[in-house]
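What you see is a predicted model; the values in this text were computed from it and never measured.
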Amino acid sequence: MRIFADSGSDLPKSFYEENDVTLIPLRVLIDDKEYDDVIEIDSKEIYDAIRNGKHPKTSQASPERLLSTWKELAESGEDGLYIAFSSELSGTYNTAVMMKDQVKEGNPNMNLVIIDSRCASLGHGLLVKEAVRLRDAGEDVRSIERKIRDMAAHMEHLFTVEDLDYLAKGGRVSKASAFIGGLLNIKPLLHVEGGKLVPIEKHRGRKKVLRRIADLMEERGVELSKQTIAISHGDDESTALEMKALFEERFQAQNVEIHMIGSAIGSHAGPGTIAIFFLNKYNQ
C-alpha cells in the first residue's frame with residue numbers, strides 16, 4: 001500500500017524519504033519564480049523574505065503532478081491512500097479527486113482513497129504519521145481510512161500569530177482589525193473548525209495568549225501525558241521549546257514533537273507563529 005501526503009502537513013523532507021511516503025508539494029511564488037514546497041525551497045527562506053518586505057503567494061498542488069502520480073499508482077496495481085490538506089484552505093483535495101476520476105475512467109480497478117483531513121500543518125502531519133504506523137503494522141487501506149477519519153475529527157489546532165498583518169493579507173482577518181491589533185499588541189488565538197481557521201479569542205501580549213493555549217489544552221485534551229503533542233513554529237524555535245517545556249511540566253507530556261511551519265502555510269501565517277496540535281477529549 002502506498003501513502004501520499006501534501007506539504008500542507010508540514011512534515012520535513014526526511015520524513016517522506018525515511019517512511020516511504022510520496023510527497024505532493026504545494027507551490028510557492030516569490031520574486032516571480034514558482035517553487036515546489038519542501039522540494040525546491042526551504043521555509044527559512046520564506047520567513048527571511050517576509051521579514052525583508054516580500055509577499056510570497058501560494059497555489060495548490062499541480063494538477064499535472066497529481067494526474068501523473070495517480071496514473072503511476074493505477075499502473076502499479078497497489079492500493080493508495082492520500083491524506084490531503086483541508087479543502088477549506090487549499091484546492092488541492094478537490095483537484096486530486098478530479099484527477100483520480102479521470103485516471104479511473106481508464107483504470108476502473110484502481111483503488112485510491114482520498115481523505116479530506118480538514119486539518120492543517122502538524123494536525124495534518126500527525127494523521128500522516130499515524131497512517132504510516134498502521135501501514136507498517138500490516139493494516140489494510142480501508143481499516144487505515146476509518147481510523148484516520150476518526151482521528152481527524154478529533155484533532156485540535158490552537159495557534160497564534162506574531163503579526164495580524166500576515167493574516168489580513170491572506171484574508172483571514174480584516175485589515176482594520178490587524179491595524180488596531182498591532183497598535184494595542186493584541187494577539188489572536190485561533191483554532192480550526194470544519195477545516196477553516198476561526199478566531200476564538202484575543203489577548204493583550206504574547207505571554208498571555210501562550211498561557212491561554214495551555215489552559216485550553218487542559219480543558220479540551222485527553223491523556224495529554226500519553227498522546228503525541230505537536231508544535232509547529234514560524235522560525236521561532238525558542239518559543240516552541242519553551243512551550244514544550246511547559247507541556248512536559250504541566251501535563252507530564254512524554255512525546256512532544258517540534259517542526260518549522262512549511263513554506264506554503266508560513267507564507268500566510270508569517271514569522272513568529274506558534275501552533276499546537278493534540279487530540280481532544282471526545283476521542284474515544
Side-chain angles (χ1 to χ4, degrees), residues 5 7-12 14-16 18-19 21 43 83 85-86 89 117-134 136-137 147-162 187-193 195 197-198 200-201 203 206-262 265-266 269 272-284:
S7 61
S9 63
D10 283 348
L11 293 168
S14 59
F15 170 84
Y16 294 93
E18 295 167 6
N19 292 281
V21 174
S43 52
I83 304 172
F85 186 30
S86 173
L89 301 174
S117 71
R118 300 276 176 141
C119 295
S121 188
L122 292 180
H124 177 192
L126 288 175
L127 301 178
V128 178
K129 296 189 77 167
E130 179 65 5
V132 168
R133 188 189 72 79
L134 294 169
D136 293 349
K147 291 178 179 180
I148 294 303
R149 288 189 186 278
D150 179 66
M151 184 177 179
H154 299 291
M155 185 64 68
E156 291 278 357
H157 305 57
L158 293 173
F159 67 102
T160 187
V161 296
E162 181 62 19
K187 303 301 180 187
L189 174 54
L190 304 94
H191 72 171
V192 169
E193 188 176 294
L197 305 185
V198 179
I200 51 176
E201 296 176 0
H203 295 272
R206 189 168 171 84
K207 288 185 178 180
K208 286 184 179 178
V209 75
L210 293 175
R211 284 198 300 267
R212 179 58 178 153
I213 285 175
D215 291 342
L216 283 174
M217 287 178 70
E218 188 165 14
E219 290 176 19
R220 298 183 178 187
V222 60
E223 295 187 326
L224 292 170
S225 64
K226 298 178 182 178
Q227 64 165 285
T228 298
I229 297 170
I231 304 172
S232 62
H233 65 91
D235 197 21
D236 186 3
E237 187 178 31
S238 61
T239 300
L241 289 169
E242 288 176 18
M243 296 299 283
K244 179 177 186 285
L246 173 62
F247 300 156
E248 289 171 342
E249 179 182 351
R250 183 165 174 177
F251 306 129
Q252 290 74 56
Q254 298 171 30
N255 191 4
V256 182
E257 297 187 6
I258 297 175
H259 294 293
M260 190 181 293
I261 297 170
I265 295 176
T273 298
I274 293 291
I276 314 297
F277 310 90
F278 59 97
L279 292 172
N280 65 33
K281 62 185 177 182
Y282 304 107
N283 190 56
Q284 302 295 331

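- Separation of atoms CE (M243) and CD1 (I213) is listed at 5.0 Å; rounding is to 0.5 Å.
- To the nearest 0.5 Å, the span separating OG on S43 from CE on M260 amounts to 5.0 Å.
- Residues H124 and D10 have side chains not in contact (no heavy-atom distance under 4.5 Å, counting atoms from C-beta outward).
- In terms of heavy atoms, I274 sits closest to D236 at CD1-O, 4.1 Å.
- Side-chain contact between H259 and P12: present, with at least one pair of heavy atoms (C-beta onward) separated by less than 4.5 Å.
- Between M217 and R250 the shortest side-chain heavy-atom distance does not fall below 4.5 Å.
- By the 4.5 Å heavy-atom criterion applied to side chains, H233 and T273 are not counted as neighbours.
- The distance from atom CZ of R212 to atom CG of L158, rounded to the nearest 0.5 Å, is 9.5 Å.
- There is a side-chain donor-acceptor pair under 3.5 Å between S9 and Y16.
- Contact between A131 and I83 at its shortest, heavy atoms only, is CB-CD1, 3.7 Å.
- The OG1 atom of T160 sits 8.0 Å away from atom CD of E162, with the distance rounded to the nearest 0.5 Å.
- Under the 4.5 Å side-chain criterion, counting only non-hydrogen atoms from C-beta, N280 is not in contact with V222.
- Inter-residue side-chain proximity for M151 and K147 is flagged as unmet; no heavy-atom pair is nearer than 4.5 Å.
- Considering CD of E201 and CG of L216, their distance stands at 5.5 Å, rounded to 0.5 Å.
- Inter-residue side-chain proximity for L11 and V21 is flagged as unmet; no heavy-atom pair is nearer than 4.5 Å.
- The pair K208-D215 does not meet the salt-bridge criterion, since no charged nitrogen lies less than 4.0 angstrom from a carboxylate oxygen.
- Using a distance-only test at 3.5 Å, with no hydrogens or angles considered, a donor-acceptor pair links the side chain of H157 to the main chain of A120.
- Residues E156 and R220 come closest through the heavy atom pair OE1-NH1, 2.9 Å.
- For E257 (side chain) and T228 (main-chain N/O), no donor-acceptor pair under 3.5 Å exists by modelled atom type.
- Rounding to the nearest 0.5 Å places CG of L224 at 6.5 Å from CZ of F278.
- Here the side chains of I231 and L122 are not in contact, with every heavy-atom distance at 4.5 Å or above.
- When the shell of 6.0 Å around CD of Q252 is examined, it contains more than 12 heavy atoms from other residues, nucleotides or ligands.
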